[in-house]
Amino acid sequence: MNRLYELRDQLHDHNYRYYVLNDPIISDFQFDLLMQELQELESKYPSLYDSNSPTQRVGGAVTENFETSTHQIPLYSLQNTYSKKEIIQWIDRMIRLLGHNRIHFLCELKFDGVSINLQYKDGQLMKAITRGDGQKGDDVTTNVRTISSIPLVLKNDFPNEFEIRGEILLNRRQFNRLNASRKEKGLELYRNPRNTAAGTLKLQDSSQVAQRRLSCFCFSVVQQNLRYETQSEMLQKAKQWGFKIFEEMEVVDSIEGIWRFIEKWELKRKNLDFEIDGVVIKANSLVQQHKLGETSKFPRWAIAFKFPAENISTILKSVTYQVGKTGAITPVAELLPVILSGTQVKRASLHNADQIGKLDLRIGDWVYVEKGGEIIPKITGVDHSNRASNKHKVIFPNKCPECRTPLTREKDQAIHYCPNSHYCKPQIIGKIQHYISRNAMDIKGIGDQKVVLLYENQLIKNIADLYSLTIEMVMRLPLIQSKSAQNMIEGIQKSKNQPLWRFIFGLGIRHVGETASKQLAKNFQALEHFISATYESLIEIEDIGEIMAHSIISYFKDASNCALINQLKSHGLPLESSPTPKSEERPQFFKNKKVVVSGVFENYSRQEIKQLVEDLGGQIVSSVSKRTGVILIGQSPGASKISKAKSLGISILTQIELEDNLKNGYNKN
């Protein structure tokens with residue numbers, strides 16, 4: 001027992017030394033050994049579970065719905081400024097309100113990440129809430145516990161209860177690592193670190209969050225009757241408690257000092273491992289902050305200076321047109337290569353025909369290119385003064401650049417489409433790539449590039465042809481070895497066991513996403529019933545609207561789509577939901593009970609444990625309430641759910657306890 005608590009203290013301290021002080025005293029290998037020992041002890045003594053244990057850093061808990069939580073003190077946005085003159089005007093306003101000019105300013109970086117509000121009580125992390133609308137945000141505590149630079153247990157002389165605000169970031173190295181992995185798998189690349197960090201915080205599986213290695217800089221402690229005089233002093237105290245802060249913040253006493261800080265970091269930001277988009281300037285005195293107060297939107301004592309988006313001019317060489325899997329036509333500017341934000345840029349987005357017309361583009365124009373967080377930069381303007389009279393105007397095509405089919409454009413829509421969905425090469429390849437993707441049929445051993453290879457070598461022309469492939473056929477392709485071919489064929493054959501909703505989603509019916517596919521499979525049970533569904537029966541289903549219903553009916557009216565379905569049937573795809581075992585065949589352990597499932601379960605997938613609960617007579621619900629009958633927990637359950645269940649007196653059942661009762665033939669009616 002004592003060793004368990006000793007290990008927790010040691011690992012908390014090592015995390016602090018590594019992520020805050022940047023001064024580790026043990027190797028990564030030694031750290032991992034200590035962590036392994038603690039995990040074994042916690043597994044042996046589950047009653048000593050602690051949501052703030054260092055083992056929670058690895059994640060594992062699953063959050064299906066992020067509950068909304070109210071901020072105790074509102075999170076205000078900062079007013080943006082873009083010039084030295086505007087900063088001077090802001091300072092003058094503060095001088096008038098305070099009645100003197102004795103103001104010191106704290107200058108910090110404006111991190112381009114996701115704002116987070118952390119609540120601590122008695123030195124332990126209690127809750128982590130996103131900014132939301134400033135009054136309420138999403139409770140992402142389970143995911144935030146995986147972030148090593150956010151302390152779970154505090155050190156030294158911390159206040160009993162307080163909030164601290166910070167910015168969660170995904171550094172450039174981790175962002176590039178994620179995109180390299182996605183590129184290798186043929187997946188769409190993430191656009192920028194900020195959006196990726198925001199998406200990561202809302203992942204349901206906290207173990208995936210842990211793998212992303214997010215970090216956090218804290219910049220403001222919120223507590224009534226603070227015993228500190230300045231913002232800078234308060235942040236130094238926060239560092240002693242265990243928080244990571246920006247060490248190179250500066251306190252200055254003039255506009256000249258502020259401007260020097262801005263100019264320095266506008267140059268140095270390219271060398272940082274994380275994204276910033278400006279500088280934050282605050283009145284350093286907490287007394288002055290209190291006197292200045294806030295408007296309905298902004299604090300009067302702080303302002304953000306935004307760096308201008310970097311742009312550069314270069315020559316437009318040509319415009320090419322890409323065809324997506326839905327037939328959408330996207331224009332792309334081909335440029336004379338130029339260095340922008342540290343990388344070579346050869347292409348830029350032109351969005352659609354309206355944008356081309358608005359810019360009045362000519363081939364050979366000098367264009368202004370901006371990289372505002374996008375992977376593909378965008379053209380923001382044209383240097384009309386540097387244009388020769390004989391340059392050719394860019395005209396958006398009226399036919400598909402791939403198959404020459406006349407394009408269509410729906411009313412009030414900006415996008416042009418190629419309607420030749422069955423014979424246009426990029427659309428065919430895109431549909432097959434969607435079918436095999438992780439969120440659809442999840443076919444292992446085959447990625448986007450192999451789909452292209454199979455299509456171009458005339459081995460497949462649609463998704464059904466995948467099931468006609470053999471190892472011998474695949475091995476004729478260049479660079480495909482025996483093991484790779486075997487894995488591909490095995491993955492394709494295993495996909496026949498996928499649930500009906502994955503197949504529906506894999507068909508790529510326009511407007512039909514994952515959620516709708518699950519509802520359709522649940523309601524119709526078999527593809528035959530789905531195919532013959534009427535408009536009226538479709539719109540009665542939850543998550544199915546008018547546009548989607550019309551799209552589904554239109555899809556199955558197409559003779560080519562019906563022929564494709566018949567071809568898939570001939571290859572042995574069941575195309576119906578698996579029959580659910582009769583609940584009467586198993587003891588009704590959860591009869592008439594609403595059951596919340598939380599944590600990771602050994603030998604059960606998430607879907608399998610839910611199915612077991614339903615087989616035992618229970619009804620799965622996502623959140624704990626007074627009407628919940630029991631919470632079934634595995635490893636690393638959600639701390640907030642456990643806490644709420646205890647406060648409401650709801651039974652908490654472990655997987656081991658459930659299996660023991662079932663093994664002993666216990667039938668709880």
Side-chain angles (χ1 to χ4, degrees), residues 8-25 52 54 71-76 78 102-111 113 115-129 141 144-145 147-169 215-253 257 261 274 279-294 299 301-302:
R8 284 176 177 171
D9 290 341
Q10 286 183 20
L11 288 166
H12 281 310
D13 186 62
H14 288 310
N15 260 320
Y16 173 68
R17 288 179 176 277
Y18 187 93
Y19 291 100
V20 178
L21 300 182
N22 196 26
D23 184 28
I25 58 174
N52 286 323
H71 296 296
Q72 296 177 8
I73 300 175
L75 272 74
Y76 290 95
L78 292 179
R102 299 183 299 277
I103 307 173
H104 285 79
F105 306 97
L106 177 65
C107 299
E108 306 169 288
L109 300 185
K110 187 177 184 300
F111 304 106
S115 295
I116 196 74
N117 189 44
L118 307 169
Q119 298 178 5
Y120 285 82
K121 186 175 182 180
D122 298 327
Q124 297 205 29
L125 175 63
M126 303 303 294
K127 189 175 287 190
I129 311 170
T141 311
V144 164
R145 291 185 195 281
I147 302 175
S148 297
S149 52
I150 293 178
L152 302 179
V153 177
L154 303 183
K155 306 163 68 68
N156 301 320
D157 59 339
F158 48 82
N160 290 334
E161 191 169 356
F162 69 97
E163 295 182 3
I164 187 166
R165 277 129 194 210
E167 199 84 356
I168 291 177
L169 306 168
S215 60
C216 180
F217 282 98
C218 290
F219 54 75
S220 179
V221 179
V222 183
Q223 185 202 26
Q224 301 297 329
N225 304 317
L226 280 170
R227 56 186 184 274
Y228 311 110
E229 295 184 359
T230 65
Q231 182 95 7
S232 55
E233 178 191 3
M234 186 169 59
L235 288 174
Q236 290 297 337
K237 282 291 183 182
K239 179 183 175 181
Q240 294 176 17
W241 304 337
F243 296 98
K244 187 179 183 68
I245 65 169
F246 175 57
E247 297 282 4
E248 296 185 65
M249 59 184 173
E250 292 182 22
V251 178
V252 300
D253 60 2
F261 186 88
F274 49 85
V279 165
V280 175
I281 309 127
K282 304 173 182 175
N284 194 34
S285 166
L286 297 180
V287 172
Q288 290 178 355
Q289 289 185 13
H290 180 72
K291 286 182 178 179
L292 291 165
E294 296 84 17
W301 45 267

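Every value quoted in this text rests on a predicted model; they were computed, and no experiment measured them.
- The aromatic rings of Phe162 and Tyr120 sit parallel to each other, their planes meeting at less than 30°, with 60° as the upper class boundary.
- Across every non-hydrogen atom of Leu125 and Pro151, the tightest pair is CB-O, 4.1 Å.
- The six-membered or imidazole ring of Phe246 lies away from that of Phe274, with a centre-to-centre distance of 6.0 Å or more.
- Across all their heavy atoms, Leu106 and Gln231 have their closest contact at CD2-CG, 3.4 Å.
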Could you walk me through whether Lys239 and Glu247 pass the side-chain contact (heavy atoms from CB on, under 4.5 Å) check?
CA-CA 10 Å; Lys239 179 183 175 181; Glu247 297 282 4; 2.6 Å; yes
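- The CD atom of Gln119 lies 4.0 Å from the CD1 atom of Ile129; values are rounded to the nearest 0.5 Å.
- Lys155 NZ: more than 12 foreign heavy atoms inside a 6.0 Å radius.
- By the salt bridge (Lys or Arg N to Asp or Glu O under 4.0 Å) test, Glu233 pairs with no residue at all, sequence neighbours left out.
- Taking all atoms of both residues into account, the shortest heavy-atom contact from Cys218 to Leu235 is O-CD2, 4.0 Å.
- Separating the OG atom in Ser220 from the CD1 atom in Ile164 is a distance of 7.5 Å, to the nearest 0.5 Å.
- Taken to the nearest 0.5 Å, the CZ atom of Phe217 stands 8.0 Å off from the CG atom of Leu109.
- Residue Ala283 comes nearest to Gln289 through the heavy atom pair O-NE2, 2.8 Å, listed as atom of the first residue, atom of the second, then distance.
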Show your reasoning for whether side-chain contact (heavy atoms from CB on, under 4.5 Å) applies to Glu294 and Trp301.
CA-CA 8 Å; Glu294 296 84 17; Trp301 45 267; 3.6 Å; yes
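- Residues forming a ring-ring contact (aromatic ring centres under 6.0 Å, His included) with Phe219 (at least two apart in sequence, or on another chain): none.
- With values rounded to the nearest 0.5 angstrom, Ile147 atom CD1 is found 4.0 Å from Ile168 atom CD1.
- Asn117 places no side-chain N or O within 3.5 Å of a backbone atom of Glu163 that could act as its donor or acceptor partner.
- Taken from OG1 in Thr230 to CD in Gln288, the straight-line distance is 11.0 Å, to the nearest 0.5 Å.
- Contact record, Ser149 with Cys216: OG-N, 2.9 Å, taken as the closest heavy-atom pair.
- Distance check, rounded to the nearest 0.5 Å: CE of Met249 to NZ of Lys282 gives 9.5 Å.
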Pair Thr141-Met126, side-chain contact (heavy atoms from CB on, under 4.5 Å): steps then yes or no
CA-CA 8 Å; Thr141 311; Met126 303 303 294; over 6 Å; no
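- In terms of heavy atoms, Val279 sits closest to Lys110 at N-CB, 3.8 Å.
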